[in-house]
Structure formats: structure tokens, C-alpha cells
Amino acid sequence: MIDRRLFTMPGIRKTLGMLAVLITLQAFSVLFQGKYLSTSIVTLWQQKPFVAVLQAFAFFLVAFVCRHLLTVLKNYVVGHWVEKTIVKLRRDVLKKVGALGPKIIQEKGTGNTVTLALEGIDKTQTYLMLVLIKMFDLMIIPWILLAYLFTVSWQEATFMLAIYPVVILFMVILGYAAQAKADKEYANFIRLSNHFVDALRGLPTLKQLGLSRKYANNIHRVSEDYRVSVLSTLKIAILSTFTLDFFTTLSIAIVAVFLGFSLIDGTKALLPALTMLVLAPEYFLPLRNFANDYHDTLDGKNALGDVLDLLSRPTLADDKTLQLEQWQADTQLTLDNVKVAYADSHDAALTIEHLALQGYQKVGIIGRSGSGKSTLLNLLGGFLAPDSNSAQQITLAGQAVDHLQLQAWQKQFQYIPQTPYIFHATLAENVAFYAPEASEAAIIKALAAAGLTEFWQQLPAGLATLIGEGGQAVSGGQAQRIALARAFLTPERRVLLFDEPTAHLDIETEMNIKQAIVPLFANHLVLFATHRLHWVNQMDYVLVVEDGKIVEQGTPSELAQQNGAFVQLVADVNQLGGVK
Amino acid sequence: MQTIVKMFNTDKWVLPYLRRYKKLLALVIFLGFMTVFCGTALMFISGYLISRSAQHPSNILLVYVPIVLTRAFGIGRPVFRYAERLTSHNWVLRLVSDLRKKLYLKVEQRATTIRQEKQTGDVLALLADDIQHIENLYLTTIFPVVIGWLLYVVFAAFVGYFNWAFGLLMLLLFGVITIILPLASVALNGARSFKNRQLQHEVYVSLTDGVLGLTDWVIAGRQAEFVEKQTALMNQQVKIQRQNMQFTWWRDFVINLIVAGITFVMLYFGKVQFGNSFLDVNYIAAFTLAIFPMVDAFQGISAGLTDIPTHQSSLERMNDYDELTVTAPAAPTITRQAALAFKQISFNDVTFKYTNQQRNVLNGLNMTIERNQTYALLGPSGAGKSTMLQLILGDLQPTSGQINLDGADLSTLQEYRHDLFGVLDQQPYLFNTSIMNNVRLGNLQATDDEVKAAIAAVGLQDLVEKLPDGYATVMTEGGQRFSGGERQRFALARILLQDAPIIILDEPTVSLDPITENEVLTMIFSLLADKTIIWVTHHLTGINFANQVYFLDDGQFTMSGTPQALYAENAHFKQLLDLDTGVNNYQ
């Protein structure tokens, strides 16, 4: 029900303290409200004139207004704390995502990360708002009322005390039964409820096969199966609410009948009996409120758990003491005995025995899909941490480092992936993303170097045109050129990481773009992972990756003579090449 | 407020279904009403019972009826509530089945055979969520509001039965709680809810944008800025939500002030109506105590109505899906056999332009597709390749010019479409069902053996038979458990079963690595050797399989011919092919 970590949040103790005071006051308001309402009724019952009621009713009114005013106050007190906590949690989550970097996105997916930061926190907010107040209500109000009821009539009060654990026991038992049943059907639920999305996503395929119309009946049928399945689970799942309802309303009925008997006997007067009857529903109210939102709160508890789990993930320490000069013709990066292995990821594991990169080398990284090329690039880019092992040695510009997730290093390079991300922003802001201070002239020059002069001049608002999602559409080739323009604009970043930049482009676009990429290579250390072997012509060093290992490295002509993995790969890739 | 009225007026998704399952709906409302009724009646009768008992009736039988009723209402409330919840869920889920089918058919009308937008899938998932919203609209808004209003009218009428003036007063006072305040709060809060939704959307878009570009933020060293940018928007939203909540708190407070007023009026009513007769005074407690459980039920009205704006956008989106009329294609002029035995398909001066665009996508194209030949179609994105395929398949009609199949207008042959064309695209979808069922989709009449033979033909027999569940293995999440190449091969098996004479290949290997690509292409062309193939491809791997190559740019063919002739005669083509094969100056 409650995540223990909740109580370690800043400000929680003070808030709970205030809440407890307010709820105690409220319990007394409820008590007086019931007492004076009963007094009013009894006065009239005794056939006294209406003026005689006014005093008791005034007391009732004060108690009643106090009670509801206290509800508002409780909400303010908790709301204030929740808001502060939520704002902080959200900021922390974003900071964490920023610190964990692309790795977390690869692992969780963009959608999940966004959902966690938005919906997850929204749910947490609802949860915190609900759970604190309801829990404290339950802990305080019934017991103050009960104590008073004991002074009124101990028999009925004893009954009401005794019924409480029975209700809870039944709820717990039925809750477990429902849970077991729900768990059993859960897989079925998911399968059936996903069926519809599945059909919608597969619509083009169904249409291709001429089955799309026929499939509509299938949708209806599966949906009906789903209904039956849901209802059968629901029958048990809502039994726990039923029990609660049953016992509480029946208890009120029983108390009323008991009271009736003792009144007939003359052992009791109307006022205490009526007070008891009025307060009986109030006694059960906190429990009912708590149970009604049980499922919501469970959801919120999980959301909070997810958020806190994310926040407790370790991040690699950035080595702030590291001083890096700009990459020069003689700067070196060497990796020895570096291992990356991860349990739950699609990326291949990687072992590097020895790799030395120096100056303005142009290094091609080739290999089949899944061989570990991307892992290697991710490692070099500092998006992935190597597994710590004692034999590992990474030396960057003569300084030993543990990993490459270092701001100082990341400031040295540009990374150009298969599909560069275009922000929903103006063209100028997109190009100047890595150099926000860049002048317009510099941006225009970079665009020209990337071959985008004609493109930007044709845009409705030129450099100020909004591009990206929801803005002016940008083709794959143009996106790639914008990424190049970013690199042209930041010549001080002397390392270039390319991850299959042309894999998705058509051959003519690829040829045109190549003419813009090649000039960028000068005075840069280039790391270029690709399937497209024509790039090897522009490389002066090649790494062949296979099964998570660098199996060959050397200049292209050295490798061509070795008749090893490289020659084999070239032959495999080119099987269908050429014209016969 | 007006937008909500307009929403209900133009709605084709909620109201029609209220009529369809009338009886069940009436039952839901009845049960819901009885739940609240029993709760109210329990307090009413209890109040009466103990008041009467306090008068020491000479015989217990005098209070026998109230005693029985007290128990009955005590048991009745939970029982009715239980039944109401089951029935309402049953009703709503039944409705959901219908809605899903309806939505599916609407989307089906618009879906084209050739995938165009990458994000279609997400849009569709959104639509599926919208149905969920409609489900909630019923469960949390419509039912509680209708039941609350019903109770309100019945109670006012009950009081009016004793004294019409007080009945009218109750109608007025409870009307403030059940009608005026809820509607006022929708009106007052509407603007804020709208703003909140807008902000929510902005936050969502902005955060998605940020997260998708996270690599760039990190490498640019601008993480702090990323956090600032996102939190600024979110904090705006927090402020609006705070105002929203405070509004609700104070609204509930005002409702309770009115309840205090009602209590006072009720006591006065009790005095006037019953206060002067020994037997009648017992009703004073009854009426007064009944107020509180009833007010509880009325809380649902405010909450339900305030929720409407959150369902609004879902409903609007669904209703937008409603205005599409399809004209039935003309009757075919040749028989199915004649169509299947076609000799050629010809494009004659085909021009195509979308009605809402200026530019021609295709510009006077001429092309002849001979039977049993393979045609490769290349060109940059946006050149018109997909449009050509959609024209051939009949998803689109030419703006001018004709596409003929042996002299018959191709658009009249839609009836034969699935016998004529098989399509293999970039991401053939594998459904969440067994391998056997997935492949059988190619031809529902195929026997198990035929399906297995098709799977064997694409070389997947070993792989499938080694799986623990064999052919019954379920393809979860679009077949994620299989590699891209394997997924393409399953789709190819489907095409084999379909056995259509014309195969459209829409970049089937674009997301595969070159070695897998080679394998898949070799397999496709060897298994489909006797078919007419139109193959859209983005580069020149396997170009030898094509009899003819066409380059399309800006809606026109820029190069065409056999690959051999083009390589020999066309410098540009030679340059492209050399690039593609990575001609190596390092050897």
C-alpha cells in the first residue's frame, strides 16, 4: 500500500504532523455534527416549537462548516507538499535521464521514458494526494468516534469495533482470491486487449491479402471473448467491494434494529440512540473511502516505485578533473582489455584486446549486423560503460580514464547516426544545436558546405522555418545533410563518429551526400561504421568486427592481401553486385 | 460549454449505441438507482424505526415492518451495487466490441495497401485508447449523472407528495447541487481544462522531442538546458492543475454549505408537516437522515460532468473518422480468367496529383509491363514510386491517362485485385497468432501441409520445427522474436500461398544488412521466377534480377533500360552501380 521510501522525502514529516492535527480536529467536528443534528431532531420529535431547535442547529452548523473547511485545509496542506514534491521529482527524473544519456532510451524506449516522466509522475501525484489523507483519516477518525460511542452505549460500540477486523479480513481474503484469478487471466487479458491494436497495425498487410473486410467480424468476436473473460474476473474482483459494502450497510441496519429493541424496552433514550445511528456511517466512511480508491492507489504506488527506481540508478561519475586539449594530429586514444557485456539488451557484447586511435585517422568499422559495430561506437562515444575489470586500460590523450562518458571527451566529437534527429525548431536552431551562439553567416556557410543552400533558400521562412515533427517535412537525405551542417559549424570538434549514415538512403541520394561528407574528413579523426563498402575507399584504417571481437585491423590494402575476414566480408556483401 | 453541446450533437459514436442496447441500459440505470435508493431508504427507515421505538410501542409487531425493511435495504444496497457494476461493465464492454468493429471498418476504408507514414501505428494505438476513453465516459460520467438526476427528481416528488411547496423548494435546492453547480463548474473550469489539455499536449510533444534528441543534448553538453526547457513548461501545467484542484475543493465546500441549508429546510419541513402529531413526528428523523446518503450520490454528478472535457478530444478524434464516402468501382469488362491470363499492363500518359496539392506527383508516365518480366523501380524519396504502386493496385486513380490490363481499365478490376496482386513490403506484419495461422493468411483454404510446404520453400522449416511449440508458436509483438530476414521469409511464404500472378515488392530488404539482403533477394527471385514482378528498391544490389530498370525522379522517368545496356551506355548508371558495389581501388 505504502512505499516506505515515501517517508524519506523532504518535508513529509511536517506535512503529516499538520495533517494529523487537522484530522483530529475534523473527527471532533464530525462528532459534534452528529450529536447536534440528533439533538435537533429529538427536540422536534418531542414536539417542541421550532425556535427551540435553533440553538442546537447553530451548533450543528458550526460543526458541519468546520468539518468541510477542514477538508479544504487538509487538501491545501497535502496539495502544497505534493506539488513541491512532484516538481522536484520531475526535475530529478529529467536530470537523471540526461545523466544516463542515450543508454536509458535504448533500454526503455522513447515512449516508455516519456510516459514515465509524464504519466508516471501524474499518477504519483494522484497517489500522493489520495493516499496520505485517506490513510490518516482511517487511522484517526473511526477511533475518536468509537471512543465517544462507547460512552454513549457500550454494547453497540463493541459490536462496531468487533465488525471492523471481520470486514478487513474478508476484504483481504477476497482480494487475494481475486488477485489469483486476475493473475491467471492476465495473460489472456493482455492478448485479447492487444488484439485490436494488433489488427489495426497490421491493416496494410491484411489489405494486401484481401482479408481486411472479413477481419472485422473476427475483431468483434475476439472483443466479445474479451468481455466474457473480463466479466468472469470482475465477478470475483468486485466481491471485495461487495463485502465491504455488505458488512458496513448491514452493520448500520443491525445497529438500528438493536437500538430499536433497547428503545422499546425503555433501557435507552432516543438522543443517544439517534446519535449512534448518525455516527455509525461516519465510523465506516474512512474505510470505504480508502477501499474505493484502492486500485487507483495501487497504480500510483507502482508508478512511484518506477520513478524512485529510475532515480536510484547509478550514474557514472564524470571526471571533472580531466583536462583535455583539442584533438590534434598526434593525440591518441588507446583501449586495452576492454569488455562490454550486458544481460538484457539486443546489442552484442564486445571485447577489445587492443585498439589504438591516433590523430586524423579515417577508421572504417565493418561487419555483419549484430557483430558489435554499434556497441563499439557506443563505447567510444561514452554512451555505454565498459564492465569494470582490473586488466582494463583506457588512455585518452595520455591520461588514464575508467570510461568515456566524460563531458570533456564528448565535447570533442560529433555523432552522425543513421537517422539524425531533427528537433522541432527552426532550421537555424537545428543547425546551430552544437553551437547556439553561431552567427547567421556561419550557419549559412555550414549549410552551403552540406549542400543545403538551395533547400533553405526555398523554405517559406528561410532559416527561420520550423522543421521537424509537425513542421516543414525533411527527407532522410536532407536530415543527414543537416547533421553534416552541424559538423561543419563546429570544426573545433575534431572527432567524427558515423553510424551507418547512408544505409537508408537511395543510391542517388547516397552518391550526392557522399560528396558533401568526404570534405568533412580532413583534419578529423573519423570513425565510420558501415555496411556500404564503397566508404572503405575513403578510409586509411579498417576494423573488421565479428561476434563481438575485432578480428582484423589494418590499412585496406594490408587487409586485402591477408585473405581473411575482410576479404570474405567483401565477397559476401558483393555476391549480387555488378552486372552480368 | 457550447463545444460540449456541439460535441454531443455531431456525435456518431456514443448516442446511437444508447438506443441499440436499450433494455440492458435500462437495467443498468435501474440497478444504479436502486443502489442509491436502498442506501437512502436505509437511513430513512432506520431513523423512523428508532424514533418510533422510542415511543415505547405496546407491541413489537408495530415496528415489525420497519425492522424487516431496515434489514432488506441493508442487504439490498450492496447486492444492487454489485449487480449494477457487473451489468454496467457488461453493457460497456458489449458496446466496446461494436465500437471496435466500427472503428476498424472506418480505418480499413482509409488504409492503403502501400504503407506511407511510419507513424501510422502510433496513430492507430491512439485510436484504440480513444475507445477506452469512451468506455470511461459511460462508466464515470453518463451513468452516475443519469442515476443522480433520476434520484433527484424522485426525491423531490416524494417530498412534494406531502407538501408541494416544500417539494418545489427541494427541487430548487437540490437543483443547485445536481444541475447548476456541476454545469457552472464545467463552464468555469472549461477554459482551464482546455488550457490544461493544450499544455499537456505541448509538454508531451516537447518532452518527446527532447528525449528523441537526447544524444544530441548530451554530446552538445547541454543537459542542464534540456532540464530547464522541459521543467519550464511542466511548471506552467502544475500551476493550472493547482488552480483546477483548488476550484474543485471550494466547489465541494459550497455544495456542502447548501447541504447545511437543505438540512435546515428539512427540519423545518419536518416540524411543519409532521411536528404536531404523536405518530408523525417519527418522520422527522427519517427525512433528515436520508439527506446525507443522497448527497453522496450527487457528488458523482459534479465529478462526472467535470470529466467531460477530458473525453472530448477522444470523441472528436473518433468523429473525425466518420466522413468518408466510397464510390463503388465500375463493373469489370473482362472475366477473372482473362484477367489472370493477362499479357501486359500499360501506363498511358498517366498523371497523378492529390486534390489538395498543386504539384503533379506523376507526370505523363508511359510504361509497359510484360507478363513474367521483372521491373526494378528506383528513385529518391518523394519521386512518386509509392504513388505508382498505389495506382497499379487501384488504391488511387490517375488524374488523367489510363492504366490498362490487356485493354481493360485496371480500376474496373478491383474485384480481382487479390487474385491478381501479391504485395511484399518493408515491414510485413506478423499477427499475434500462431506461425501456422500467420502464413495461412495468404490463402485461408490452404491445408496444413500446404502451409508447411510454403514454410519449407522459404527455408524456415528447420527453424520452426526446432521451436518448442513448432508451427503453433505465437508471434508476439509483430514477430519480434524473429530476425528481420526471417520475418521477410514468413511473409514470402504467405505470398507463395496466395499465388497471384503479379508481385509488388516495396523495398522488401531496406532494413536488412547486405548479406541477409542478398539471401532474401536470391530466395525471392528464385521462388517467384514465374511471376510478373514490380520491384521498388533503393539501391542496386541484385539489379541483375531485373529485366528492366526504371529511374523515377519528380514524377518522370529519367533513365530506363536493361541493366546491361544501361551499364554499358549510361555513365550515370555506371557510376551508381560502381558506387554500390564499392569498386575497390585498394586491391
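Letters A, B, ... are given to chains in the order of the sequence lines, protein chains preceding strands, and every chain is numbered from 1.
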Side chain, backbone, both or neither: which part of B:D98 has a heavy atom under 4.5 Å from chain A? both

For B:H572 and A:E508, test the side chains for any donor-to-acceptor distance below 3.5 angstrom and give the result as yes or no. yes

My understanding is that only residues two or more places apart in sequence, or in another chain, count here; which of them pass side chain to side chain contact (heavy atoms under 4.5 Å, CB included) with B:T263? A:L37, A:F57, A:F60, B:V259, B:T288, B:I291, B:F292

Heavy-atom proximity to chain B below 4.5 Å, by part of A:I252: side chain

Relative to each other, are the rings of A:Y215 and B:Y104 parallel, tilted or perpendicular (30° and 60° limits)? tilted

Can a donor-acceptor pair be found, under 3.5 Å and without considering hydrogens, that links the side chain of B:N256 to the backbone of A:H68? no

A:Q208 and B:D425: side chain donor to acceptor below 3.5 Å: yes

A:L270 and B:S51: which non-hydrogen atoms are nearest, and at how many Å? CD1-CA, 3.9 Å

Please report the closest heavy-atom contact between A:Y421 and B:D209, naming both atoms and the distance. OH-OD1, 2.6 Å

At a heavy-atom separation under 4.5 Å, does B:Q498 approach chain A through its side chain, its backbone, both, or neither? side chain

Which atoms of A:F246 approach chain B - backbone, side chain, both or neither, heavy atom under 4.5 Å: both

Contact class of A:T509 relative to chain B, heavy atoms under 4.5 angstrom: side chain

The test is ring pair (Phe, Tyr, Trp, His ring centres under 6.0 Å); show your working for A:F423 and B:W217 and say whether it passes. CA-CA 11 Å; A:F423 289 93; B:W217 286 105; 5.7 Å; yes

Honestly, the part of A:Q407 sitting under 4.5 Å from a heavy atom of chain B is side chain

Under 4.5 Å to a heavy atom of chain B? For A:L263 that would be both

With a 4.5 angstrom heavy-atom cut-off, could you sort out which part of B:I45 is near chain A: side chain, backbone, both or neither? neither

Where does B:Y82 contact chain A at under 4.5 Å (heavy atoms): side chain, backbone, both or neither? both

Does any heavy atom of chain A fall under 4.5 Å from the side chain of B:L42, the backbone, both, or neither of them? side chain

Is a side-chain donor or acceptor of B:R85 paired with a backbone partner of A:F242 at a separation under 3.5 angstrom? no

Heavy atoms of A:I264 and B:H56 approach each other most closely as O-ND1, 3.6 Å

Please classify the contact of B:R494 with chain A as side chain, backbone, both or neither, using a heavy-atom distance under 4.5 Å. side chain

Which portion of B:N276 sits near chain A, non-hydrogen atoms under 4.5 angstrom: backbone

Heavy-atom contact with chain B under 4.5 Å, split by part of A:L61: side chain

For A:F261, does its backbone N or O pair with a side-chain atom of B:S53 as donor and acceptor, under 3.5 Å? no

Check each atom of A:F383 against the heavy atoms of chain B and say whether the ones under 4.5 Å are side chain, backbone, both or neither. side chain

B:V79 versus chain A, heavy atoms under 4.5 Å apart: side chain, backbone, both or neither? both

Proximal component of A:L244, with respect to chain B [non-hydrogen, under 4.5 Å]: neither

Which heavy atom of B:P514 sits nearest a heavy atom of A:V573, and at what distance? CB-CG1, 3.8 Å

Residue part contacting chain A, namely of B:E225, when any heavy atom lies under 4.5 Å: neither

For A:Q125, is it the side chain, the backbone, both or neither that has a heavy atom under 4.5 Å from a heavy atom of chain B? side chain

Results of side chain to side chain contact (heavy atoms under 4.5 Å, CB included) for B:S97 - residues two or more places apart only: A:H220, A:S223, A:E224

Contacting region of B:D252 [heavy-atom separation from chain A under 4.5 Å]: neither

Could you look at B:L378 and say if it's the side chain, the backbone, both or neither that has a heavy atom under 4.5 Å from chain A? side chain

Engaged part of A:P420 at the chain B interface, taking heavy atoms whose separation is under 4.5 Å: neither

B:F274 versus chain A, heavy atoms under 4.5 Å apart: side chain, backbone, both or neither? neither

Distance in Å, A:L259 CG paired with B:S46 OG, rounded so as to fall on 0.5 Å steps: 9.5 Å

In terms of heavy-atom proximity below 4.5 Å to chain B, should A:R486 be classed as side chain, backbone, both, or neither? side chain

By a 4.5 Å heavy-atom criterion (distance strictly below it), what part of A:R493 contacts chain B: side chain, backbone, both, or neither? side chain

What part of A:R532 lies closer than 4.5 angstrom to a heavy atom of chain B: side chain, backbone, both or neither? side chain

Region of B:L512 in contact with chain A, defined by heavy-atom distances below 4.5 Å: neither

Nearest atoms (heavy-atom pairs only) where B:L579 meets A:I507: CD2-CD1, 4.1 Å

Which atoms of A:K235 come close to chain B, meaning under 4.5 Å heavy atom to heavy atom: side chain ones, backbone ones, both, or neither? both

Answer with side chain, backbone, both or neither: which region of B:V63 has an atom nearer than 4.5 Å to a non-hydrogen atom of chain A? side chain

Hey, which of A:T249, A:D245, A:T248 is the one that makes side-chain hydrogen bond (donor to acceptor under 3.5 Å, both in side chains) with B:R77? A:D245

